[in-house]
Amino acid sequence: MYPYSRGHLHITGPDVVDPLDFRVNFFTDKDDIDIKQLMWGYKNSREIMRRTSFYRGELASTHPQFPEGSKAGLVNLTEPLFGGDRFAVKNLEYNAEDDKAIQEFLRTVVETTWHSLGTNKMAPQEKMGVVDADLNVYGVKGLRVVDLGIAPGNVGGNTNNTAMMIGEKGADLIAKDLGISLSSSGALT
């Protein structure tokens with residue numbers, strides 16, 4: 001949920017049609033922690049799946065292309081592994097070539113779900129903040145940002161819940177500015 005690799009998005013000129021300087025920079029952290037975490041996730045989710053009662057093999061298009069003869073090669077079964085005894089299933093063995101195939105696969109298929117956030121970060125202005133604690137844009141009178149743009153960092157969960165919380169807080173602040181209040185039943189007063 002919190003990658004170590006960092007990309008960037010910068011404007012290149014004053015016109016709205018000027019191209020963006022946009023680099024996702026997946027898997028560029030100096031210690032390769034991101035790729036190691038995803039390799040661990042791939043291997044362990046595969047082991048979990050192999051132990052399910054409905055497991056009948058693997059779809060090649062959703063896995064790396066392992067070297068010929070690899071002990072980690074894909075399996076296609078008509079019956080559950082080991083007669084369905086999930087405790088009898090042995091972990092797959094991966095060698096350096098298998099790990100290389102997994103890395104290549106991940107570098108090819110990993111992408112984001114594009115839940116963009118943090119473009120108008122809530123933080124002090126000297127820490128590159130765009131809005132204050134009341135969602136006011138620094139230096140612009142009467143303008144608030146009330147969306148996921150104010151998140152100061154990645155949200156380690158469902159962004160929908162965070163967006164609703166921000167919306168409710170923003171609605172309260174705007175209503176307060178307009179002299180509107182809600183009764184305990186939720187009706188405007």
Side-chain angles (χ1 to χ4, degrees), residues 1-10 19-123 127-128 147-169:
M1 297 300 288
Y2 299 101
Y4 289 88
S5 301
R6 291 288 177 260
H8 67 261
L9 175 64
H10 299 289
L20 294 173
D21 175 14
F22 181 40
R23 303 285 182 266
V24 292
N25 288 339
F26 294 146
F27 305 125
T28 58
D29 59 294
K30 74 178 184 83
D31 296 316
D32 289 328
I33 294 170
D34 290 341
I35 195 83
K36 289 173 185 172
Q37 288 177 338
L38 283 179
M39 286 177 62
W40 180 91
Y42 170 80
K43 290 176 181 180
N44 284 281
S45 61
R46 193 172 176 206
E47 292 300 340
I48 291 167
M49 190 64 195
R50 293 174 72 237
R51 287 159 173 79
T52 62
S53 62
F54 52 85
Y55 177 77
R56 296 295 184 278
E58 299 160 314
L59 182 62
S61 64
T62 61
H63 291 276
Q65 185 165 357
F66 292 105
E68 187 72 32
S70 168
K71 292 181 179 181
L74 302 185
V75 177
N76 190 3
L77 305 170
T78 56
E79 296 297 322
L81 279 177
F82 302 100
D85 180 2
R86 61 190 173 105
F87 297 107
V89 177
K90 302 292 185 228
N91 285 349
L92 294 169
E93 294 177 34
Y94 296 90
N95 62 31
E97 289 299 310
D98 297 328
D99 285 349
K100 185 178 174 187
I102 295 170
Q103 283 187 22
E104 185 178 310
F105 175 74
L106 291 171
R107 290 181 191 282
T108 303
V109 301
V110 166
E111 59 185 38
T112 180
T113 55
W114 298 103
H115 284 171
S116 299
L117 52 82
T119 54
N120 299 295
K121 170 169 115 168
M122 181 193 310
K127 292 188 177 181
M128 297 183 63
D147 65 21
L148 277 173
I150 69 153
N154 195 18
V155 176
N158 186 327
T159 53
N160 182 56
N161 297 336
T162 306
M164 287 191 293
M165 183 269 312
I166 292 168
E168 288 179 12
K169 178 66 175 177

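As the structure is a prediction and not an experimental result, all values here were calculated from the model. We number each residue from 1, following the sequence as shown.
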Side chain to side chain contact (heavy atoms under 4.5 Å, CB included) evaluation trace for I102 with Y94:
CA-CA 10 Å; I102 295 170; Y94 296 90; 3.8 Å; yes
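- Within the model, atoms CG of N160 and CE of M165 stand 11.5 Å from one another, a figure rounded to the nearest 0.5 Å.
- With rounding to the nearest 0.5 angstrom, the CG atom of D98 is 11.5 Å from the CD atom of Q103.
- At distances below 3.5 Å, at least one donor-acceptor pair connects side-chain atoms of N95 with backbone N or O atoms of E97.
- Not one N or O on the side chain of Q65 forms a donor-acceptor pair closer than 3.5 Å with the backbone of A101.
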Show, in sequence, the C-alpha distance, side-chain angles and deciding distance for K30 and Y4, and conclude whether the side chain to side chain contact (heavy atoms under 4.5 Å, CB included) test is met.
CA-CA 9 Å; K30 74 178 184 83; Y4 289 88; over 6 Å; no
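- For the salt bridge (Lys or Arg N to Asp or Glu O under 4.0 Å) test, no residue two or more places apart in sequence or in another chain qualifies with D147.
- Heavy atoms only, all atoms of each residue included: G57 and Y55 are closest at O-CE1, 3.4 Å.
- With hydrogens and angles disregarded, no donor-acceptor distance shorter than 3.5 Å links the side chain of D32 to the backbone of I35.
- We find that K43 and D99 are joined by a salt bridge, their nearest charged nitrogen and carboxylate oxygen being less than 4.0 Å apart.
- With rounding to the nearest 0.5 Å, the separation of NZ in K169 from CD1 in I150 is 10.0 Å.
- Rounding to the nearest 0.5 Å places NZ of K71 at 14.0 Å from NZ of K90.
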Run the side-chain donor-acceptor check on residues 20-28: report pairs under 3.5 Å with partners two or more places apart or on a different chain.
residue	atom	partner	partner atom	Å
D21	OD1	H8	NE2	3.2
D21	OD2	H8	NE2	3.2
N25	ND2	R6	O	3.2
T28	OG1	N25	O	2.7

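- Here M39 contributes atom CE and F105 contributes atom CZ; the two are 12.5 Å apart, rounded to the nearest 0.5 Å.
- Around CD of Q37, the count of heavy atoms belonging to other residues, nucleotides or ligands within 6.0 Å exceeds 12.
- Ionic pairing of E104 and K100 is not present here: no N-O contact between side-chain nitrogen and carboxylate oxygen is shorter than 4.0 angstrom.
- Electrostatic pairing of R50 and E58 does not count as a salt bridge here, judged by no charged N lying under 4.0 Å from a carboxylate O.
- Among residues two or more places apart in sequence or in another chain, the ring pair (Phe, Tyr, Trp, His ring centres under 6.0 Å) test is passed with Y42 by H63.
- For the atom pair N154 CG and T162 OG1, the distance stands at 10.0 Å (nearest 0.5 Å).
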